[in-house]
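Since the structure comes first, as structure tokens, the remarks are kept for the end.
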Number of protein chains: 2
Amino acid sequence: MPAETSAEFLSLLKVGDIARRTGKTVRAIHLYEELGLLNPAVRSKGGFRMYRGDGVKRIEWIQKLQDMGFSLTEIKVFLRVWGESATAPKAMATVREIFTDKLRETRETIARLSRLADELSESLAFLEGCRSCDQGQHQRECGGCGRSDHEVPLLVDGIAKR
Amino acid sequence: MPAETSAEFLSLLKVGDIARRTGKTVRAIHLYEELGLLNPAVRSKGGFRMYRGDGVKRIEWIQKLQDMGFSLTEIKVFLRVWGESATAPKAMATVREIFTDKLRETRETIARLSRLADELSESLAFLEGCRSCDQGQHQRECGGCGRSDHEVPLLVDGIAKR
DNA sequence: TATCACTCTTACGTAAACGTAAGGGTTTGA
DNA sequence: TCAAACCCTTACGTTTACGTAAGAGTGATA
């Protein structure tokens with residue numbers, strides 16, 4: 001029996017340790033286990049979940065996928081297809097496919113948000129003009145500061161509409 | 001009584017019309033009303049909600065704010081502070097503030113997603129190398145193709161971890 | 001061995017943004 | 001005036017990713 005075994009055993013982490021190292025809650029980690037996303041390496045005699053260090057990595061991985069917009073269920077599917085791919089190249093191909101899709105989707109999201117950011121900028125520029133407006137005027141009587149209707153960005157125009 | 005009045009009355013839209021024109025469901029529009037985001041101009045004698053054309057604009061506005069990440073509750077607050085601002089310039093200032101915050105937030109989100117897109121690209125590049133892997137090898141025996149551990153992107157590395 | 005901080009399982013609670021169904025009126029056009 | 005197509009209110013259901021609480025056992029330390 002190699003020394004490795006006892007050494008690894010000694011460095012096992014309890015669920016609370018994992019939680020602290022990842023910023024997740026114990027409940028979240030339990031949930032990941034229910035969903036089959038992360039299993040403890042072993043259980044202690046009394047039933048405590050004991051993890052190795054790579055449990056932390058797995059959770060960071062889950063976090064990253066979540067940030068990219070994967071749901072936990074999708075991540076579960078991800079792991080399932082991985083496990084079902086008999087050969088390494090096939091598994092890698094599947095992963096490539098998923099990542100490629102997500103990359104496209106992420107880029108679309110970025111493009112969409114960029115457009116929205118532009119609209120926000122436009123709206124802010126428009127609102128700058130309101131500084132020169134009559135300071136005592138009631139907002140419900142705002143006449144649009146003499147600017148024609150089609151100049152008003154939807155983001156601003158929509159507010160006043162019933 | 002100007003002709004405008006009857007003309008506007010004749011062109012009133014029922015909730016189903018609004019739904020069709022905005023792609024929303026009737027239920028969603030009802031919800032917006034419950035939340036105080038959109039009220040019908042009038043009710044018909046029988047109780048039907050009757051909207052003017054700007055109801056469509058209001059819903060498009062709501063949609064845009066949702067796209068930017070505002071929750072319906074936040075939009076409600078938005079409208080409330082607008083309504084509570086006595087003067088036009090004050091109201092505009094409040095709106096500017098909200099938009100400025102959201103613009104910053106949107107840009108942060110874009111930056112975050114860009115970093116994730118980069119990680120995806122890196123991971124995909126890494127996975128390209130797996131094409132040359134032994135085609136018959138079982139995925140559980142993947143040795144990392146001889147590439148050292150620190151070259152493996154987290155997005156890829158996390159998959160194999162327990 | 002007594003404690004105190006953890007952990008276990010079980011299970012109900014939560015917030016968002018609607019979906020869906022029930023039971024019953026309303027409009028409108030033929 | 002009759003039927004099809006809408007609309008009304010009320011109210012419970014759905015999904016996601018956990019939060020929270022209860023009651024009880026476990027592990028390391030003094």
Rounded to the nearest Å, what distance is computed from the NZ atom of residue B:Lys76 to the P atom of nucleotide C:dA17?
-> 12 Å

Less than 4.0 Å between a side-chain N and a carboxylate O, is that true for A:Arg104 and A:Glu108?
-> yes

Calculate the interatomic distance between B:Leu12 atom CG and C:dT27 atom P; express it in whole Å.
-> 13 Å

Would you kindly give the CD1-to-C1' distance between A:Ile29 and C:dT9, to the nearest whole Å?
-> 16 Å

How about A:Phe126 and B:Phe99: are their ring centres within less than 6.0 Å of each other?
-> no

Integer-rounded Å distance: C:dC8 P and A:Met50 CE | 10 Å

Could you identify which residues of residues 63-74 of chain A place a heavy atom less than 4.0 Å from some atom of DNA chain C, listed by residue number, or say none?
-> none

Any side-chain N or O of B:Ser44 under 4.0 Å from OP1/OP2 of C:dT26?
-> no

Heavy atoms, side chains only, cut-off 4.5 Å: are B:Ile98 and B:Glu74 in contact?
-> no

Spacing between A:Ile62 atom CD1 and D:dT16 atom C1', to the nearest angstrom | 15 Å

Residues which pass salt bridge (charged side-chain N to carboxylate O under 4.0 Å, His left out) with A:Arg115, listed by chain and number, not counting sequence neighbours | none

Round to the nearest Å and state the distance from A:Glu33 atom CD to D:dC18 atom C1'.
-> 15 Å

Mark yes or no: B:Lys14 above the aromatic ring of B:Tyr51, with NZ or CZ under 6.0 Å from the six-membered ring centre and no more than 45 degrees from the axis.
-> no

Gap between atoms CG and P, on A:Leu31 and C:dA11 respectively (whole Å) = 17 Å

Carboxylate-amine/guanidinium proximity below 4.0 Å for A:Glu34 and A:Arg27 | yes

Side chain of A:Arg58, backbone of B:Ile159: donor and acceptor closer than 3.5 Å?
-> yes

Side-chain ion pair, A:Glu60 and A:Lys57, N-O less than 4.0 Å | no

Below 4.0 Å: OP1/OP2 of C:dC18 and any side-chain N or O of B:Tyr32 = yes

Do B:Asp17 and B:Arg20 meet the salt-bridge criterion of a basic N to acidic O distance under 4.0 Å?
-> yes

Each nucleotide of nucleotides 5-10 of chain D classed B (base within 4.0 Å of a protein heavy atom), S (only sugar-phosphate) or -, in 5' to 3' order, makes -BSSB-

